[in-house]
Amino acid sequence: MEVVAVIDFETTGLSPAQGDRATEVAAVIVEGGRVVDRYQSLMNAGVRIPAYIEALTGISNTMVRNAPPAGEVMRDVSDFVGGIPLVAHNAAFDAKFWDGELARIQRSRSQDFLCSLLLSRRLLPLAPSHKLGALVEYAKLPVAGRYHRALADAEMAASLLVRLEEELRLRHRVPQVSVDLLRRIQRTPKAQLPKCLASAGGPSSSHRPDANRGG
DNA sequence: TGCCAGGCCCTCTTTAGGGCCTT
């Protein structure tokens, strides 16, 4: 698969439209099935983090107060990822913050997002939950650190993406996994997935749910 | 004081409702 950047934000809440801002961002570059480069930074957007978010993430108001300004961090991280495709777990969420924080520094992104949540729902349909932590446990992926910290979550989402790529190659016998194929898979309704995979070179008859996970 | 998002997907559906997932 082509090089991609898996990103993750920690934020003050769920909605930039409601005034929520990013508090931490991480991006890991995935190439050849492994992480080859990493970026991580806390960021100071000048807004207060609610107590329940501090408890959830471990990111305190004191930590963010001493962090570099949000605009500076966003310039750095957007330069770091450049124009390569972005991936996030529940990408709709991270894309809102990515676009919102970039807009504040008069930048916009040129690439689209892949979503490891949508891909997991298609390719690991038997997982009891498609939360990132539940998928890490289900697929027996390494725990990269504390959940709800940006770099650890980005690393684990990257491991998940590599696992999904393996699922396509080994179980669905797709000879060449590309970003474009992943785009098509995440847009394809579940019922039409075998047809989608068959068109990618994997025999549709080989589509079996993830019965032999972890190996 | 209390409230605040939004896209995806399933089903007791499609003229809708509600759970999941992100912080």
Side-chain angles (χ1 to χ4, degrees), chain A residues 5-28 40-61 63-64 67 70 73-74 77 86-104 109 112-139 141 143-161 163-164 182-196 209-210:
Chain A
V6 182
I7 71 144
D8 187 73
F9 277 112
E10 304 307 317
T11 71
T12 62
L14 295 175
S15 174
Q18 299 292 322
D20 292 321
R21 297 291 305 275
T23 58
E24 186 179 42
V25 66
V28 301
Q40 176 273 333
S41 182
L42 291 166
M43 51 203 280
N44 184 358
V47 298
R48 184 155 189 84
I49 306 170
Y52 75 98
I53 297 285
E54 284 188 321
L56 177 72
T57 64
I59 298 171
S60 68
N61 282 288
M63 291 163 67
V64 166
V73 173
M74 288 306 300
V77 70
L86 299 173
V87 184
H89 198 68
N90 198 8
F93 173 84
D94 289 279
K96 279 189 303 187
F97 281 93
W98 184 266
D99 292 347
E101 295 292 347
L102 280 188
R104 291 174 179 273
R109 70 181 153 94
D112 60 356
F113 268 89
L114 291 171
C115 179
S116 57
L117 169 63
L118 294 181
L119 290 167
S120 298
R121 283 176 174 163
R122 304 288 190 285
L123 298 172
L124 300 174
L126 299 183
S129 160
H130 293 88
K131 290 181 184 177
L132 181 59
L135 288 165
V136 165
E137 184 177 353
Y138 177 76
L141 303 174
V143 176
R146 177 185 170 141
Y147 286 106
H148 293 299
R149 286 303 299 265
L151 184 58
D153 281 2
E155 297 249 17
M156 289 186 281
S159 294
L160 174 61
L161 181 71
R163 175 72 177 76
L164 295 173
L182 296 180
R183 276 191 202 105
R184 276 184 282 140
I185 288 172
Q186 72 177 29
R187 284 196 297 248
T188 299
K190 276 184 178 176
Q192 295 171 26
L193 185 61
K195 189 176 175 181
C196 174
D210 45 324

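Naming convention: chains lettered A, B, ... in sequence-line order (proteins, then strands); numbering from 1 in each chain.
Gln18(A) comes within 4.0 angstrom of a base, heavy atoms only. Residue Ser129(A) is in sugar-phosphate contact alone, with no base atom involved, counting any heavy-atom pair closer than 4.0 Å across all strands shown. Residue-level contact check: Asp20(A) touches neither bases nor backbone, having no heavy atom under 4.0 Å from any strand. Residue Phe9(A) is classed as a sugar-phosphate contact, given heavy-atom separations below 4.0 Å to backbone atoms only. Nucleic acid contact for Thr57(A): sugar-phosphate only, since backbone atoms but no base atoms lie under 4.0 Å from a heavy atom of the residue.
The nearest whole Å value for the distance from the CG atom in Leu14(A) to the P atom in dT22(B) is 11 Å. As rounded to whole Å, 13 Å separates atom C1' of dC4(B) from atom CD1 of Ile53(A). For Arg149(A) and dT22(B), the CZ to P distance is 17 Å, given to the nearest whole Å. Between the C1' atom of dC9(B) and the CZ atom of Arg122(A) lies a distance of 8 Å, rounded to the nearest Å.
For the pair Leu119(A) and Leu182(A), the tightest heavy-atom approach, listed with the atom from each and the gap, is CD2-O, 3.5 Å. Annotation for Arg122(A) and Gln186(A): closest pair NH2-O, 2.9 Å, computed over non-hydrogen atoms. Between Asp112(A) and Arg109(A), the shortest heavy-atom distance links the atoms CA-NH1, 3.7 Å.
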Verdict with supporting geometry, Leu151(A) and Val28(A), side-chain contact (heavy atoms from CB on, under 4.5 Å): CA-CA 8 Å; Leu151(A) 184 58; Val28(A) 301; 3.8 Å; yes

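Listed nucleotides dG6(B), dC8(B), dT23(B) differ in distance to His148(A); the shortest reach to its side chain belongs to dT23(B).
Remark on DNA chain B: of its neighbouring residues Glu10(A) and Ala17(A), the 5'-side contact belongs to Ala17(A), judged by nearest-heavy-atom nucleotide. Residue order along DNA chain B, read from the 5' end via each residue's closest nucleotide, puts Arg121(A) first among Arg121(A) and Asp8(A).
Dashed line: the shortest gap from a side-chain N or O of Lys190(A) to OP1 or OP2 of dC8(B) is not under 4.0 Å.
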